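These notes are about the structure you will find just below.
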There are 2 protein chains.
Amino acid sequence: MTSIRKVSAIAGVSIATVSRALKTPEQVSPGTRQKVLDAVKEAGYRPNWLATSVKTGKSKSIVVLVPNLLNAFFQRIIEGIESAAQECGYTVLLGDTQGRKTLENEYASMVLTSRADGLIQLDHCFPFSDNDAELARSIPMVSVGERIESQHHYPFIHLDNYSAGRALAHHLISYGHVRFGAIAGQIQSQIYRDRLSGFKSVLAEENIDFPDSMLVGGSYTIEEGIRGVNELMKHKKPPTAIFCFNDDIAIGAIHQLRSLNYKVPKDVSVVGFDNIRVSEFMHPPLTTIDQPAYEMGVKAVEMLYRMMHNQELLRTREIMPFTLLERHSSGPINRSTSQ
Amino acid sequence: MTSIRKVSAIAGVSIATVSRALKTPEQVSPGTRQKVLDAVKEAGYRPNWLATSVKTGKSKSIVVLVPNLLNAFFQRIIEGIESAAQECGYTVLLGDTQGRKTLENEYASMVLTSRADGLIQLDHCFPFSDNDAELARSIPMVSVGERIESQHHYPFIHLDNYSAGRALAHHLISYGHVRFGAIAGQIQSQIYRDRLSGFKSVLAEENIDFPDSMLVGGSYTIEEGIRGVNELMKHKKPPTAIFCFNDDIAIGAIHQLRSLNYKVPKDVSVVGFDNIRVSEFMHPPLTTIDQPAYEMGVKAVEMLYRMMHNQELLRTREIMPFTLLERHSSGPINRSTSQ
DNA sequence: CTGTTAGCGCTTTCAA
DNA sequence: TTGAAAGCGCTAACAG
């Protein structure tokens, strides 16, 4: 723990000069600057980041709340966030909340204790505890992917999930499917509502029935895909096409369909959502919606940056474009087996 | 930014009392304690973490250096680290180094600037810059999975990679294979040397030839698996069994073998390493080595904790057990096609 | 260009 | 049990 004082002693200058030589070298004569630099080296000195931060009142850090680090989609967003944050001199504190409220509260409160200057939420909920809610009102916060549910409105970056839902429905209908199943992830979120209603809207337009019993699920995991398929294929008239709300679910679904001796896509078409890295290398490769996750992360940092520096936000909501990737997990309906 | 001063004013006590009421309530009379608590609520006060940390000289944080957050194996280690860290009141600062030296140096230096009290390295290299090397000598640091290469020795937790390499070789040989290929990840690491020499040692014992041309690769990615297969299958006598140094490589390899019209495992057996979540749900499910990644993370924190508190380390090296999971990506040699 | 001095928000002696 | 005061390591305003 060698401090600035020791350096100033070695260099024979005041501590202020040491500080200046390090932070604003142009304000120091070349001669003293060198003396200071030498002393720094001799003392093995590194400025105490904590002290600097208390003094300036800024931590130059942002917290990122991730529901699940294992989710490949979030990982890509995080990459975007980290690279953009680095760009503007901010450190990212990753908080893996594991969907637990207390953990989320704890990480979120870092921004109330000056440990971070702003917050990016990847989930849909307001991350602060009831206790902190009032204090958090004026905190710089944006969400990406989801939209934060709170009476106070925070900016957000998201996909046009409604249209993506429609695109998937159109894609499957164009292959002749009329019996659909869906395995959802987290219920109770904007994403859920948008994807589902987009999907349903097309079916309604085409006069295709979509009974409630064909909608199952509840979490974005491989296991949910397995459970979902088990449930859906129990029906006397099982679906010939399944809309999985993310790629993890689709992976589980395809795996389980195979276990039940259904061929994908011959017997059942499966589509996913997110386009995680492994989707392309599955067998069969997954038809899915590609989200510009990386860019969404970058955008989030840009917005947050403006908020943290009290600059006007150009817009309070950013909608990103998606791409439907038609691969081989979906295909024409098999008339012989689908009666 | 409401400070302790405001609270003391509201409560009509000194700032020292406020501090005590919050950190060591038993040193304050119940009456004043309540007054303080009320004032805290009224003021919307949260102690400034930065200030507390400068004062105490401890950040109660640890940095974790991850070569690649996308790697599912590391994720599991991280889970273990986070849960154990939480347990003992430490915050985890995740540093995704993306294999870049400068990023790594930067994150590592956090522990020199009092931003963190210790460091866990998931890669094999000494993470500090040449400049910082001297200072870093006495820093609490452990590595997991890999072993840090430096003249000064740091404790580490790892797998018996040599034996695991042997186990895989035995497994494949028992199926009758005699022509092997291997696709490695990061060359120049203890892991690489151990897995390879374990694997080779069995081949040698069995008098099976393993020419250098059958060893390819260089990074732990799906793409490397694809490249590797392309290279290996070019030989006049291509391998009938391929040892991939992690599951990502195996995923790429299987994908590419399929593209080249080889059946797995009928024509070529493939084995991986790590047992990431998706391995079980691949088609075919991957034969691989399961590492107790979570437990390794926990162990790492335990060791680091002792180091940060100047307690004796029970041992300086922890070897964890592995399990060979025989699934369906490996199988008996196909005598008809392997001539 | 450099030094003195006053803090940042907090913890922790030391006295009372 | 409480308060006054010193000080953690640093930055920044002010003088010179």
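By convention in this document, chain letters (A, B, ...) are assigned in the order of the sequence lines, proteins followed by strands, and residues within each chain are numbered from 1. Note that the structure is predicted; figures quoted are calculated from it, not measured. Values reported hereafter were calculated over all heavy atoms of this structure, with side chains retained and with hydrogens, waters and symmetry mates removed.
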Quiz prompt | Bending between helix ends of the helix from dC1(C)-dG16(D) to dA16(C)-dT1(D) [5 pairs per end, 10° resolution] | solution =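 One end's axis against the other's: 40°.
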Quiz item: Is there a side-chain contact (heavy atoms from CB on, under 4.5 Å) between K101(B) and C125(B) once you walk through the steps?
Solution: CA-CA 9 Å; K101(B) 199 72 196 145; C125(B) 29; 4.2 Å; yes
Practice problem: Please list, chain by chain and in numerical order, all residues satisfying ring pair (Phe, Tyr, Trp, His ring centres under 6.0 Å) with F126(A), sequence neighbours excluded. | Solution: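 Partners of F126(A) under the ring pair (Phe, Tyr, Trp, His ring centres under 6.0 Å) test: F128(A).
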Quiz prompt | Heavy atoms of other groups near Q311(A) CD, more than 12 under 6.0 Å | solution =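 Yes, the 6.0 Å shell around CD holds more than 12 heavy atoms from other groups.
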Exercise. Check every strand shown and say whether I15(A) touches a base, only sugar-phosphate, or nothing at a heavy-atom separation below 4.0 Å.
Key: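 Answer is base: heavy atoms of I15(A) come under 4.0 Å of a base.
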Exercise. Give one of base, sugar-phosphate or nothing for T32(A), where a contact means two heavy atoms less than 4.0 Å apart.
Key: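 Since only primed, P, OP1 and OP2 atoms lie under 4.0 Å of T32(A), the category is sugar-phosphate.
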Quiz prompt | Criterion salt bridge (Lys or Arg N to Asp or Glu O under 4.0 Å) on K299(B) and E302(B), from CA distance to verdict | solution = CA-CA 5 Å; K299(B) 273 262 162 30; E302(B) 284 169 5; 5.1 Å; no
Quiz item: Among side-chain atoms of Q188(B) and E149(B), is any donor-acceptor pair under 3.5 angstrom?
Solution: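 No donor-acceptor contact under 3.5 Å links the two side chains.
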Separation of atom [atom1] in [X] from atom [atom2] in [N], rounded to whole Å:
X: K35(A); N: dT2(C); atom1: NZ; atom2: P; result: 8 Å
X: L22(B); N: dC10(C); atom1: CG; atom2: P; result: 10 Å
X: R5(B); N: dG7(C); atom1: CZ; atom2: P; result: 10 Å
X: R46(B); N: dC10(C); atom1: CZ; atom2: P; result: 12 Å
X: N48(B); N: dC8(C); atom1: CG; atom2: P; result: 12 Å
X: L50(B); N: dT11(C); atom1: CG; atom2: P; result: 12 Å
X: Q27(B); N: dG3(D); atom1: CD; atom2: C1'; result: 14 Å
X: Y45(A); N: dG9(D); atom1: OH; atom2: P; result: 10 Å

Quiz prompt | Spatial distance of atom CE (M296(A)) from atom NE2 (H158(A)) [nearest 0.5 Å] | solution =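 Spacing of CE (M296(A)) from NE2 (H158(A)) equals 8.0 Å.
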Quiz item: When rounded to the nearest 0.5 angstrom, what distance separates OH in Y45(B) from CG in L22(B)?
Solution: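 Taking OH in Y45(B) and CG in L22(B), the distance rounds to 6.0 Å.
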Quiz item: More 5' along DNA chain C: V13(A) or I4(B), using each one's nearest nucleotide?
Solution: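 Mapping each residue to its closest nucleotide by heavy atoms, the 5'-most match is V13(A).
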Quiz item: Would you say the base of dG3(D) and the side-chain of R20(B) have a donor-acceptor pair closer than 3.5 Å?
Solution: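 Check passes, donor-acceptor contact within cut-off.
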Quiz item: Does a distance-only test, which skips hydrogens and angles, find a donor-acceptor pair under 3.5 Å between the side chain of K55(A) and the base of dG9(D)?
Solution: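 No such pair is found, so the answer is no.
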Just N and O in the side chain of [X]: are any of them under 4.0 Å from OP1 or OP2 of [N]?
X: S14(B); N: dA4(D); answer: no
X: S53(A); N: dC10(D); answer: no
X: S29(A); N: dT2(C); answer: yes
X: T17(B); N: dT2(D); answer: no

Practice problem: Return the 5'-most residue of the pair T56(B), V18(A) with respect to DNA chain D, ranking by each residue's nearest nucleotide. | Solution: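 The residue closer to the strand's 5' end, by nearest nucleotide, is T56(B).
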Exercise. Would you indicate which nucleotide in dC10(D), dT11(C), dT4(C) comes nearest to any side-chain atom of A51(A)?
Key: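 Output: dC10(D).
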Practice problem: Among dT11(D), dG9(D), dT12(C), find the nucleotide with the atom closest to the side chain of S19(B). | Solution: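 Looking only at heavy atoms from C-beta outward on S19(B), the closest nucleotide is dT12(C).
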Quiz item: Which atom pair, heavy atoms only, marks the closest approach of S59(B) to R115(A)?
Solution: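 Taking every non-hydrogen atom into account, O-NH2, 4.4 Å.
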